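Since we're looking at a predicted model, the values are computed, not measured. Position 1 is the first residue of the sequence, and the numbers go up from there.
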Amino acid sequence: MTKKTDTSNQTLPKSLWKFYFQYAAKPMIWFLGAWAFLAIVWDIGNSTWWPMSQRKIVELFENGITGAGFFEHGLWTIALIICAFLMFDVMCTVQEYMSAHWRPLARKRISETLTNYVHTQSMSFFNNRIPGKINSQINYVSQGFETLYDFVTITSTLGVIVLNMGLVLSINKYVALVLLGSFIFRVLYSVLMMKPVTRASKTTSESSSHLSGHIVDSISGFSIVKLFNGASRESRYLEPLRTKNVKDQIHSSFLQRIMWVIPIFLWDFLFGAVLVLMLVLYIHGNIKVSEIVFTLSVYQVVQGNIGHIARTIPRIVDTIGSAVHSYKEINQPIDIMDADDAASLVVSHGKIEFKNISFKYKKKYVLRDLNLTIKPGESVGLVGTSGAGKTTLVNLLMRLYDPTHGQILIDGQDIKHVTQNSLRDAISFIPQDPMMFNRTLRENIAYGKPDATDSEIHAAAHKAAADGFINASEKKYESTVGDRGIKLSGGQRQRVAIARAFLKNAPVLILDEATSALDSETEVAIQNSFEKLSSGRTTIAIAHRLSTLRNMDRIIVLDKGHIIESGTHQSLLRKKGHYAKLWKMQSGGFLQE
């Protein structure tokens, strides 16, 4: 058996930073490096050249250049200043273009990787999670990588501050000391505020994701809200979540403002101090007008850059805090993993064996020491009241969960030792409540066989008695079905799911109440199709409508996780046991729970 490429064993780095490097930065590392270098050079050069150019312009007036001297020295100075600014404009345009390239590309790769990882997760991952919240968390992680832009900006800002303070130091050490003291204070103050700001950011991220998930859940259930007049109830249900989220956001925003507003007041006082200092220096002839202009310009640039850092750090902390928390929530271990030596499942006959199967959910056994062999091509019905273990048994066969004890074999191959993709490729599953994507009827039918031809899709729809309502729709097979198939009736959704199974043409067929939403006329219309589909295939059917199992080769009766009866419909009726009692309890063909 050949090894098949599979994504079921995908793992992600534990650290968010390693994840960012591996999946976002590494594929375009040279491009990012060139962009970062250009961005830093542009920011430092542009911010440093502005005060220097002002100094040069004022020096022209101080030196009293006129006539020929203007054309010999002044014009060249002006030309140099303009050329430098043009060069910085070109650099800015190029680096902004590069930024516009890598940011959406990084978002795409991160979102794609995390979405794929979520799709490979075990069923237990989704049991206690809301899809809307998962989507929000993926977006938070994607946004986190974009703080690379802020990190590069801070790096260049630090370069601007250091270089300009050095230039001021060459003019006057006292002014330089004022700038240095302001910078040190802001850095220490930001570090001091970092912990409470981070904590508040994490709390806000969690409450925002929680609220988003519940809003999506509420909107998704709009039909129930309508039918039960639940709009006001939903509003009351969401109100405490909204209130907490607003409270968390206000608290986080307050801390962020405190983080930068106090240094701003300090900036105002220091600006006055610098003005007084330079006035004293000018009176004593220790500084020229051009140097005053240069110093004031540098002071504005440095303080502006310090303020930029003070405002940027809280945003980085907020974004990264949300990203770290979200990544931790998404990056949960996958319960169901392929074995290292997993090979592709080869179904030659379709024999299925459940050997000493036990399954415990939390602390309660759902199945206990169950043994069942299904012959190749045999059709078997599973019967029992709710909680008997019917659905659990087929979920174990599809390896949505692993049994607590025991083995499941298909043609002698332990399903734990084959790839999950190949296992599920071999099974067609028709659920009681079929899931529809908000896509066309064609796409929904062909989901199990994306390369199917039109004739194959039409034939599958015909066998499932779905072609009638499809051809009656405005766009026929190109009609969209709405969110979760809302545009279709329950019976129509099940017929699309049945057509999907016909098209997939897998050797093992599982029916979980596959005809429960069909009217009697439609059910009769597709029973013959089911018999054709089951022919030569191993079939397992779960049904409360016992009449749908009458023609099965064998009916298995489950009760509290054990097989208590087995036989054909007629033989079980003659036994007058549990199955016969269930048959008598039926009303309209359904098993009464």
Side-chain angles (χ1 to χ4, degrees), residues 3-14 16 19-20 22-24 27 105-145 209 212-213 216-217 220 323 326-340 342 344-345 394-402 415-416 418-431 433-440 443-451 481 483-485 496-497 500-501 503-504 506 510 512:
K3 188 75 178 274
K4 183 177 179 180
T5 303
D6 203 339
T7 60
S8 301
N9 280 5
Q10 181 185 11
T11 57
L12 299 177
K14 290 184 178 180
L16 175 65
F19 169 79
Y20 281 154
Q22 182 175 340
Y23 291 97
L105 190 59
R107 282 197 300 268
K108 173 184 177 295
R109 285 173 175 158
I110 291 171
S111 177
E112 186 176 56
T113 301
L114 293 181
T115 302
N116 289 342
Y117 183 77
V118 168
H119 279 309
T120 62
Q121 269 290 359
S122 311
M123 291 298 293
S124 57
F125 176 84
F126 297 95
N127 288 341
N128 299 313
R129 286 175 171 83
I130 302 173
K133 183 175 181 179
I134 296 174
N135 181 60
S136 296
Q137 290 170 336
I138 291 174
N139 289 333
Y140 283 139
V141 177
S142 299
Q143 293 165 9
F145 183 74
S209 295
S212 175
V216 171
D217 183 56
S220 297
S326 298
Y327 183 72
K328 183 179 179 181
E329 287 288 311
I330 293 173
N331 191 17
Q332 297 296 315
I334 300 175
D335 295 336
I336 309 297
M337 298 281 285
D338 286 347
D340 292 337
S344 294
L345 175 68
V394 297
N395 283 342
L396 292 175
L397 175 60
M398 293 185 290
R399 211 180 168 209
L400 300 181
Y401 302 94
D402 277 336
I415 64 172
K416 278 190 176 182
V418 300
T419 62
Q420 295 176 65
N421 283 356
S422 66
L423 170 65
R424 291 164 194 154
D425 281 342
I427 299 174
S428 286
F429 177 64
I430 305 176
D433 185 17
M435 166 63 189
M436 296 288 118
F437 293 102
N438 189 12
R439 302 170 192 174
T440 65
E443 290 173 300
N444 275 286
I445 293 173
Y447 196 78
K449 188 180 179 181
D451 59 347
V481 303
D483 183 41
R484 302 186 183 184
V496 170
R500 184 189 293 165
L503 185 60
K504 187 177 181 181
I510 298 176
D512 186 359

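Closest non-hydrogen pair, S111 versus S142, comes out as N-OG, 3.9 Å. Of all non-hydrogen atoms in M436 and V496, the two that sit nearest each other are SD-CG1, 3.6 Å. Closest of all the heavy-atom pairs between A323 and G144 is CB-CA, 4.0 Å. Among all heavy-atom pairs drawn from K504 and I427, the shortest one is NZ-O, 2.5 Å. Taking every heavy atom of both residues into account, K449 and L503 meet most closely at CD-O, 3.8 Å. Between F429 and P431, the shortest heavy-atom contact is CE2-CB, 3.5 Å.
A donor-acceptor pair under 3.5 Å is absent between the side-chain atoms of E443 and the main chain of F437, judged by distance alone. Judged by distance alone, with hydrogens and angles left aside, the side-chain atoms of S422 form a donor-acceptor pair with the main-chain N or O of T419 at under 3.5 Å.
The closest side-chain heavy-atom distance from I138 to I330 is below 4.5 Å. Under the 4.5 Å side-chain criterion, counting only non-hydrogen atoms from C-beta, Q143 is not in contact with R107. In this structure, the side chains of I415 and L345 stay at 4.5 Å or more apart for every pair of heavy atoms. Looking only at side-chain heavy atoms (C-beta outward), Q420 and M398 stay at 4.5 Å or farther from each other. Using a 4.5 Å cut-off on side-chain heavy atoms (C-beta onward), F19 and V141 make contact. The side-chain heavy atoms of Y117 and T113, taken from C-beta on, include no pair separated by under 4.5 Å. Between P13 and Y20, the closest side-chain pair of non-hydrogen atoms is not below 4.5 Å. Contact of the D402 side chain with the L396 side chain is not registered, since no non-hydrogen atoms from C-beta on lie closer than 4.5 Å.
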- Would I110 and Y23 satisfy side-chain contact (heavy atoms from CB on, under 4.5 Å), going step by step from the backbone distance to the final call? CA-CA 7 Å; I110 291 171; Y23 291 97; 5.5 Å; no
- side-chain contact (heavy atoms from CB on, under 4.5 Å) between N444 and V481, worked out: CA-CA 9 Å; N444 275 286; V481 303; 3.7 Å; yes
- Task: Please test K416 against M337 for side-chain contact (heavy atoms from CB on, under 4.5 Å), starting from the C-alpha separation and ending with a verdict.
- Result: CA-CA 9 Å; K416 278 190 176 182; M337 298 281 285; over 6 Å; no
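A distance of 8.0 Å separates OG1 of T11 from CD1 of I334, quoted to the nearest 0.5 Å. In this structure, CG in L400 is found 8.5 Å from CD1 in I336, a value given to the nearest 0.5 Å. The structure places CG of L12 at 4.5 Å from OH of Y327, a figure rounded to the nearest 0.5 Å. To the nearest 0.5 angstrom, L16 atom CG is 9.5 Å from N331 atom CG.
Under the 3.5 Å distance criterion, with hydrogens and angles disregarded, no donor-acceptor pair is assigned to the side chains of T115 and E112.
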